[in-house]
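Computation of the quantities below employed the complete heavy-atom set of this structure, encompassing side-chain atoms and omitting hydrogens, waters and symmetry-equivalent molecules.
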Amino acid sequence: MALKTVPTQPFPDQKPGTSGLRKKVPVFRQTHYVENFVQAIFDTIADKGGQTLVIGGDGRFLNRTVVQTAIRIAAANGFGRVLVGQGGLLSTPAASCVIRKHGAIGGLVLSASHNPGGPEGDFGIKFNTRNGGPAPESVTAAIFERAKNITAYRIIDGPDLDLDRLGDVTVEGMTVTVIDPVADYAALMRELVDFEAIRALFAGGFRMRFDAMSAVTGPYAKAILEGALGAAPGTVVNAVPQEDFGGHHPDPNPVHAKDLFDLMHGADSPDFGAASDGDGDRNMIVAPGLFVTPSDSLAILAAHAHRAPGYAGGLAGIARSMPTSRAADRVAASLGIRAYETPTGWKFFGNLLDAGLITLCGEESAGTGSNHVREKDGLWAVLLWLNILAVTGERADAIVRAHWADFGRDYYTRHDYEEIESEAAERLMQGLRDALASLPGRSVAGLTVASADDFRYVDPVDGSVTERQGIRIGFAEDARVVYRLSGTGTAGATLRVYIERYDRDRLDADPAAVLAPVVEAARAIARIAEITGRSEPSVVT
Ligand code: VG1
Ligand code: CO
């Protein structure tokens, strides 16, 4: 084996987005593309000599290849040890757990999350820091700067390692330990939720369907739900990770997890349905006959978290991303605890969690998490739900309806306009920005605009400021519309329009009917059809 310094040219497009660098697989397959980016990451880590680095990914196409490359570059850059999940696998929350538990200086998580996989699909590289969380903006900006100026990378020449055999091997003085990807994570879950109570629930005949969507959560859900908790064999479906996720979008929502959605809405549905995404950080919860919006799920978990051992002492505070509905704020107010509103993306929760200001946090995009790691955690959310069901003895749909009766209901939907022209998307957003001052007072679709701004976040811990995080329009009728452009797409631009309306009394209406005027107002105010040429969104969740 030999250490080489390889001259290279920078790629101008290695700018991390909402969650790491995400591109089409052919982009990542360009010569030196992966090497440049990994070297740029390592160049921003001070004092890495002798330190531990965690590497793993969601098993998609290129995962194994990039794991091998990253190990070779790590060995050439002086790391002391690499912990890598067996088969190159680690879910995003498990990677966060392993970084924290083993005192690693950081980790590489190879994933494009819910984006499709395969040779023509997407790939991604995320860097997580010492606290186990996604690199904050200051770090991702430094990585991008470095990538734009890189002239060489260091790498060890040598054969591929056997990633399937547990244990240690040495690469040029660096130890590579292949670990069981599930063990540390499962041990952490035992500390947080009442496994005995959930075991008793399943033993009593409780039926569940968990759809792992042929992605990384399969082995975790099998081991924990069917193994440790005694759920019936076959509870976990699509449990084997596939490089192309079986050709599907591993995105747990009513559109892409339609089989589960339909099953839960059919006669004789199981008692509980859940799904997770490509890298295991998202979750979808479906009660019998009732889809639970992620915003509601966050609020319900917050209201009941004290029933689980890990949260018996209560919550310090709750944070939600700005486009997430205000349901969680209502719970925080009733508990007399702090509520925070952050920009989209998990990296903004890290400081709040590290400072002990919050215990739970979540996003409308099906991400929920707590201070147990520094990522959102799909399976954890499912286990916390199961803990609540086990302790209360209530049906999941009854818990949701009781929550609405207590707090009122935040009707919610998100409209995505995917792969629109970038220029049109920018023009639409600029048009909204230009109109902000003139919007208040305007009547549209029977609603009156009460407020309009472009969300700006001041981090309460370090004072850093993040601007232009989405246009918020508030209506006098207790409705709200948010517009922002996706930072995870890989083709054109994706416009996300978040639509919500609060009702204290009408709890069982059809969400589409309640939200129809708000949808109409959202389209009119932004002139969506006129500017994008699309009269309907591509995905409604
Ligand atoms: C989307 C979601 C955001 C989430 C991000 C990463 O970002 O909206 O809430 O944090 O994906 O999640 P964007 O910029 O496309 O709206 V994951 O599970 O893709 O790592
Ligand atoms: Co994800």
Side-chain angles (χ1 to χ4, degrees), residues 18-20 58 90-101 107 109 111 113-114 126 128-129 131-136 184-186 188-189 191-193 216-217 220-221 224 252 274-285 292-305 308 310-311 315-325 327-328 331-332 337-388:
T18 311
S19 181
D58 64 11
L90 275 176
S91 75
T92 288
S96 185
C97 164
V98 172
I99 292 169
R100 295 166 68 77
K101 182 165 178 174
V109 185
S111 172
S113 190
H114 56 287
K126 307 191 273 185
N128 285 27
T129 51
N131 71 348
D184 287 333
Y185 178 83
L188 179 58
M189 292 303 114
E191 292 171 20
L192 299 172
V193 299
V216 78
T217 325
Y220 296 84
I224 296 175
S276 59
D277 72 333
D279 60 332
D281 55 0
R282 296 187 181 200
N283 70 90
M284 175 171 101
I285 302 293
V292 186
T293 70
S295 297
D296 274 353
S297 181
L298 171 65
I300 292 166
L301 290 179
H304 291 273
Y311 309 94
L315 308 178
I318 309 171
R320 62 168 173 84
S321 67
M322 183 273 282
T324 305
S325 93
V331 176
I337 59 175
R338 289 175 286 250
Y340 296 89
E341 188 177 33
T342 59
T344 293
W346 213 259
K347 57 190 162 195
F348 296 100
F349 293 133
N351 277 351
L352 300 172
L353 290 163
D354 285 348
L357 295 175
I358 58 167
T359 309
L360 291 199
C361 44
E363 297 189 282
E364 55 63 45
S365 55
T368 331
S370 89
N371 58 355
H372 68 289
V373 289
R374 292 294 179 274
E375 287 278 5
K376 51 190 187 272
D377 188 344
L379 189 50
W380 163 87
V382 173
L383 293 171
L384 187 52
W385 261 99
L386 288 171
N387 191 146
I388 293 164

Trainee: So which pairs with a foot in residues 353-376 pass ring-ring contact (aromatic ring centres under 6.0 Å, His included), sequence neighbours left out?
Mentor: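 Qualifying pairs: H372-W380.
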
Trainee: Would you mind reporting whether E363 and R320 have side-chain heavy atoms less than 4.5 Å apart?
Mentor: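 No, their side chains stay 4.5 Å or more apart.
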
Trainee: How far does SG of C361 sit from CG of L301, to the nearest 0.5 angstrom?
Mentor: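 Those atoms lie 11.5 Å apart.
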
Trainee: D296: which residues meet the side-chain hydrogen bond (donor to acceptor under 3.5 Å, both in side chains) condition with it, sequence neighbours left out?
Mentor: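 Residues passing side-chain hydrogen bond (donor to acceptor under 3.5 Å, both in side chains) with D296: W404.
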
Trainee: Please report the interatomic distance OG(S321) to CZ(F348), rounded to the nearest 0.5 Å.
Mentor: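 S321 OG to F348 CZ: 10.5 Å, rounded to 0.5 Å.
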
Trainee: In the structure I gave you, are the side-chain heavy atoms of P93 and Y185 within less than 4.5 Å of one another anywhere?
Mentor: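 Of all side-chain heavy-atom pairs linking Y185 with P93, at least one is under 4.5 Å.
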
Trainee: Quick one: list whatever passes side-chain hydrogen bond (donor to acceptor under 3.5 Å, both in side chains) with T368, sequence neighbours left out.
Mentor: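 T368: side-chain hydrogen bond (donor to acceptor under 3.5 Å, both in side chains) contacts with N283.
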
Trainee: Is there side-chain contact between E375 and P134, with heavy atoms separated by less than 4.5 Å?
Mentor: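 Answer yes - side chains close enough.
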
Trainee: Indicate the atoms forming the closest heavy-atom contact of A328 with L298, along with that distance.
Mentor: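 Closest pair (atom of A328, atom of L298, distance): CB-CD2, 3.8 Å.
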
Trainee: In Å, rounded to the nearest 0.5 Å, how long is the span from CD1 of I300 to OG1 of T293?
Mentor: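 Atom-to-atom, I300:CD1 and T293:OG1 are 7.5 Å apart.
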
Trainee: Tell me the closest heavy-atom pair linking G132 and S96, and the distance in Å.
Mentor: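 In this case the closest contact between G132 and S96 is O-OG, 2.7 Å.
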
Trainee: Which residues satisfy the salt bridge (Lys or Arg N to Asp or Glu O under 4.0 Å) test with D279, sequence neighbours excluded?
Mentor: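 For D279 the salt bridge (Lys or Arg N to Asp or Glu O under 4.0 Å) partners, ignoring immediate neighbours, are K126.
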
Trainee: Indicate yes or no: at least one non-hydrogen side-chain atom of W385 is less than 4.5 angstrom from one of V292.
Mentor: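 Yes; the side chains approach each other to less than 4.5 Å.
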
Trainee: Just by modelled atom types, is the S91 backbone N or O under 3.5 Å from a matching donor or acceptor in the Y220 side chain?
Mentor: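 Looks like yes, one N/O pair under 3.5 Å.
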
Trainee: For S276 and P252, work out which heavy atoms get closest and say how close.
Mentor: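 Heavy atoms of S276 and P252 come nearest at C-CG, 3.8 Å.
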
Trainee: Have S370 and Y311 got a donor and an acceptor in their side chains that come within less than 3.5 Å?
Mentor: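 Judged by distance alone, the side chains do pair up.
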
Trainee: L383: which residues meet the side-chain contact (heavy atoms from CB on, under 4.5 Å) condition with it, sequence neighbours left out?
Mentor: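 Testing L383 for side-chain contact (heavy atoms from CB on, under 4.5 Å), a comparison that skips the adjacent residues, returns M189, V193, I224, L225, L229, L379, L386.
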
Trainee: What heavy-atom pair brings T217 and G280 nearest, and what distance separates the two atoms?
Mentor: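 It is OG1-CA, 3.3 Å.
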
Trainee: Nearest 0.5 angstrom please: H304 NE2 to N387 CG, how far?
Mentor: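 Result: 11.5 Å between the selected atoms.
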
Trainee: With sequence neighbours left out, what residues match N131 under side-chain contact (heavy atoms from CB on, under 4.5 Å)?
Mentor: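 For N131 the side-chain contact (heavy atoms from CB on, under 4.5 Å) partners, ignoring immediate neighbours, are R100, T129, D354, R374.
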
Trainee: For G356 and A316, which heavy atoms make the closest approach, and how far apart are they?
Mentor: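 So the minimum-distance heavy-atom pair works out to O-CB, 3.5 Å.
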
Trainee: Applying side-chain contact (heavy atoms from CB on, under 4.5 Å), name anything that partners C97, two or more places apart in sequence or on another chain.
Mentor: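 Checked C97 against side-chain contact (heavy atoms from CB on, under 4.5 Å); matches are D184, L188, V373.
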
Trainee: Once you round to the nearest 0.5 Å, how far does CG of L357 lie from OH of Y340?
Mentor: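 L357 atom CG to Y340 atom OH measures 4.0 Å (nearest 0.5 Å).
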
Trainee: By side-chain hydrogen bond (donor to acceptor under 3.5 Å, both in side chains), which residues pair with E364, not counting sequence neighbours?
Mentor: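 E364: side-chain hydrogen bond (donor to acceptor under 3.5 Å, both in side chains) contacts with R414.
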
Trainee: Taking all non-hydrogen atoms of both residues, which atom of I285 and which atom of A274 are closest, and how far apart?
Mentor: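 Heavy-atom minimum between the residues: CD1-CB, 4.4 Å.
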
Trainee: Let me see the working for N371 and I358 under side chain to side chain contact (heavy atoms under 4.5 Å, CB included), right down to the final yes or no.
Mentor: CA-CA 8 Å; N371 58 355; I358 58 167; over 6 Å; no

Trainee: For R282, what residues pass the salt bridge (Lys or Arg N to Asp or Glu O under 4.0 Å) criterion, not counting sequence neighbours?
Mentor: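 Here the qualifying residues are D251, D277.
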
Trainee: How long is the straight-line distance from OG of S113 back to CG of D281, given to the nearest 0.5 Å?
Mentor: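 With rounding to 0.5 Å, CG (D281) is 5.0 Å from OG (S113).
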
Trainee: Could you tell me which residues satisfy side-chain hydrogen bond (donor to acceptor under 3.5 Å, both in side chains) with D58, sequence neighbours excluded, listed by chain and number?
Mentor: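 Here the qualifying residues are R60, S111.
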
Trainee: Just jot down the side-chain contact (heavy atoms from CB on, under 4.5 Å) partners of T18, sequence neighbours excluded, or say none.
Mentor: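 Listed in chain order: T344, R484, T488.
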
